[in-house]
Number of protein chains: 2
Amino acid sequence: MTEGPTITTIAQRAGVSIASVSRVLNGLPTREDTVRRVMRAADELGYVPNSVARSLRNRRTDQVAFAMADIGNPVYVAMVREIQPVLKEAGYRLLIHSTDGDAEDELGVLRGLRERYVDGLIISPLRGVTEEHVRAIVAARAPVVVIGALPEGMPEGAPVDNVRTDSRTGVRLALDHLHAIGRRRIGFLNGPLDTVPGAARAAAYREALEALGLPYDEDLVEVGDFYRDSGARAARALLSRAPGLDALMCANDLIALGALDVLREHGRDVPGDVAVVGMDDTDLASVTWPTLTSVSLGSAERGRAAATLLLDRLQNGPREPRVTVVRPSLTVRGSTAVPGPPGAAGDGR
Amino acid sequence: MTEGPTITTIAQRAGVSIASVSRVLNGLPTREDTVRRVMRAADELGYVPNSVARSLRNRRTDQVAFAMADIGNPVYVAMVREIQPVLKEAGYRLLIHSTDGDAEDELGVLRGLRERYVDGLIISPLRGVTEEHVRAIVAARAPVVVIGALPEGMPEGAPVDNVRTDSRTGVRLALDHLHAIGRRRIGFLNGPLDTVPGAARAAAYREALEALGLPYDEDLVEVGDFYRDSGARAARALLSRAPGLDALMCANDLIALGALDVLREHGRDVPGDVAVVGMDDTDLASVTWPTLTSVSLGSAERGRAAATLLLDRLQNGPREPRVTVVRPSLTVRGSTAVPGPPGAAGDGR
DNA sequence: TTGTACGCGTTATCAT
DNA sequence: ATGATAACGCGTACAA
């Protein structure tokens, strides 16, 4: 089992020095004859440059990593889908880290940057950016783009850009819509409060209610995880506690799926009896029945923006941190399609 | 902006040679005192080994790549989801390549192995493994696991393992089921015939019909792409050509989604008028309405098997090629739930 | 036990 | 234009 050819092999075969080989291979000005001999030898040997050696020398890996909680979540899939082509186009390979939303794991990824196995990182920390995160980012000396909230006091010249959405407005869009179609008892199925989205959406829900002049009722709120089965559990709990609710605001689409399951199993008509709104506007929203009205937080746009920002730093060097905010929008579908008040449609199905 | 510390930096600070530093860092027997001084210096400097240099020296990158057509496809997401933890556990990082199913792109990935930027590769070639693929694999000298069909005559000692499913049996399961619930005019919405799954499913469809004593009718077959909108187009075409069909076999779940859209828009009851079966049994299948009966081809299992096989080669060196076959199974859901013959339920909805 | 010296495969500098 | 040579950071035979 012979080892692969190196520039040394080529040099011997072509009867020139390795320096010449390197020059030819990198297209530097070289005598015609030398070029031919080197190319020929390289060809015959099937030479391919060793990317590791090149990385060591060039101090760059041409690799970028994306770290998120769970690649099974359609939101992150949407991001990866946008990130990948942008990076690929620029000649970067993409590494994937699933952290399960574990803060320790996230920190591990950030600290790992010091190993220099990637040139940059896009990370979406589920539980927020702590002091330690910040320290790791600064220590990394590699550009990082954070998708999500970034704390106020970032140190001077930290190589961080930030892409965020405005879930506050997102929730507001949803509640305004529900209010406009006549719903007044709007339940809320949220994710964990110690996650960034969970906390933000909780606050936004209260705010939006207030703005609409609706009372905040603890009994209308249930907290679970950002998954379908958890959403179902939460919906069941909520329905038994507050059977009179006429709408459900869900903190993401997966939770909304669970809610739809439960409503169907309880024979409650959607949207006749209960209107449902999801969040993230994933591919799933257009698949359910009824199709799911959902607040888009621009996952794809955020992914693309993050990749673009990172690329800019990678290619053009340090600069002041930038923040890109992606505006949410509401996509109205079947689950809120009936403007009439509850009770208009028959119950059961 | 100082550069990061290296073993040389540590050696100076600790007043020892770089060899000692390396030894301590790698846990080789060293005098107590030396250990302390080195550790202390490393600590103070916040030393982290450079993974690139280490890779060059050790001739291994601790990276593995997974190449598939489209990370947007739930099938591949399911695979990644299984592959990731297996590799992570073993200390490998995961690289993702989306090839768009382009054969040139796939070949590029395979050839890229010679750059030695990964230690191994899992690839799922959409259009099959050609002569050129095989050559690239052999030339790569890095272990490769192919998810999907592998040609018969692989060269001796090629470092390839293979994970496949049996879509023939899968289709058979579906048609048997449809036949059992009384369907006789079973349409088929397939993907491109020049893809491996497309070709296999086309053949399997004919075979299964024959085994059931049903005639093969060209008019009942429509070919498109493996996407939802394409599935919808195909379904429309098929319905206008063969309005009398009482079941639809779809070559994957996305196509089935499109078919469900069209059936609903045509006011055909599912499964009353037309029963529908999908393939891949993705997360989507349990979300649609009615929920989608689907043939599981064990995406998760295939992913896990592939990762395990690759890992074995990575850790235990060369061995004879192995093949793992994952058996398909049928998950019956709402879209075929009504055993009665067509016409039993009212039309419209 | 410790240090010296070399190699991993490239690129880039500096003489020639 | 070309060749010898020095890095890049790490690991390890070998000698001391």
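All chains are named by letter (A, B, ...) in the order of the sequence lines, taking the proteins before the strands, and each is independently numbered beginning at 1.
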[N] [atom2] sits how many Å from [X] [atom1], rounded?
| X | N | atom1 | atom2 | answer |
| --- | --- | --- | --- | --- |
| Ile10(B) | dG9(D) | CD1 | P | 12 Å |
| Ile18(B) | dA13(D) | CD1 | P | 14 Å |
| Arg23(B) | dT12(D) | CZ | P | 11 Å |
| Leu28(A) | dG3(D) | CG | P | 14 Å |
| Ile7(B) | dT12(D) | CD1 | P | 11 Å |
| Arg114(A) | dG9(D) | CZ | P | 14 Å |
| Leu25(A) | dA1(D) | CG | C1' | 17 Å |
| Glu32(A) | dT2(D) | CD | P | 10 Å |

By the 4.0 Å heavy-atom rule, please label [X] as base, sugar-phosphate, or nothing.
| X | result |
| --- | --- |
| Ser20(A) | sugar-phosphate |
| Pro49(A) | sugar-phosphate |
| Thr30(B) | sugar-phosphate |
| Thr34(B) | sugar-phosphate |

Full working for salt bridge (Lys or Arg N to Asp or Glu O under 4.0 Å) between Arg127(A) and Asp102(A)
CA-CA 8 Å; Arg127(A) 316 256 168 195; Asp102(A) 178 33; over 6 Å; no

Contact check, residues 51-65 of chain A vs DNA chain C, heavy-atom distance under 4.0 Å, returns Ala53(A), Arg54(A), Arg57(A), Asn58(A)

Please determine if Arg313(B) and Asp161(B) form a salt bridge, counting it only when a charged side-chain N lies under 4.0 Å from a carboxylate O.
yes

N-O pairing of Asp105(A) and Lys88(B) below 4.0 Å:
yes

Just wondering, do Asn50(A) and Thr6(A) contact through their side chains at under 4.5 Å, heavy atoms?
no

Thr6(B) vs dG9(D): side-chain N/O to OP1/OP2 distance below 4.0 Å
no

side-chain contact (heavy atoms from CB on, under 4.5 Å) involving Thr324(B) - partner list, sequence neighbours excluded:
Val163(B), Ala305(B), Leu309(B)

Please list, in 5' to 3' order, the outermost nucleotides of DNA chain C lying under 4.0 Å from any heavy atom of chain B.
dT1(C) to dG9(C)

Just jot down the side chain to side chain donor-acceptor pair (under 3.5 Å) partners of [X], sequence neighbours excluded, or say none.
| X | result |
| --- | --- |
| Arg54(B) | none |
| Tyr47(B) | none |
| Glu106(B) | His133(B) |

What verdict does the salt bridge (Lys or Arg N to Asp or Glu O under 4.0 Å) test give for Arg111(B) and Glu132(B), after you've listed the backbone C-alpha separation in whole Å, the side-chain angles of each residue and the deciding distance to 0.1 Å?
CA-CA 10 Å; Arg111(B) 298 215 177 93; Glu132(B) 287 205 274; 3.1 Å; yes

Out of dA4(D), dA1(D), dC10(D), whichever nucleotide has its closest atom nearest the side chain of Ala19(A):
dA4(D)

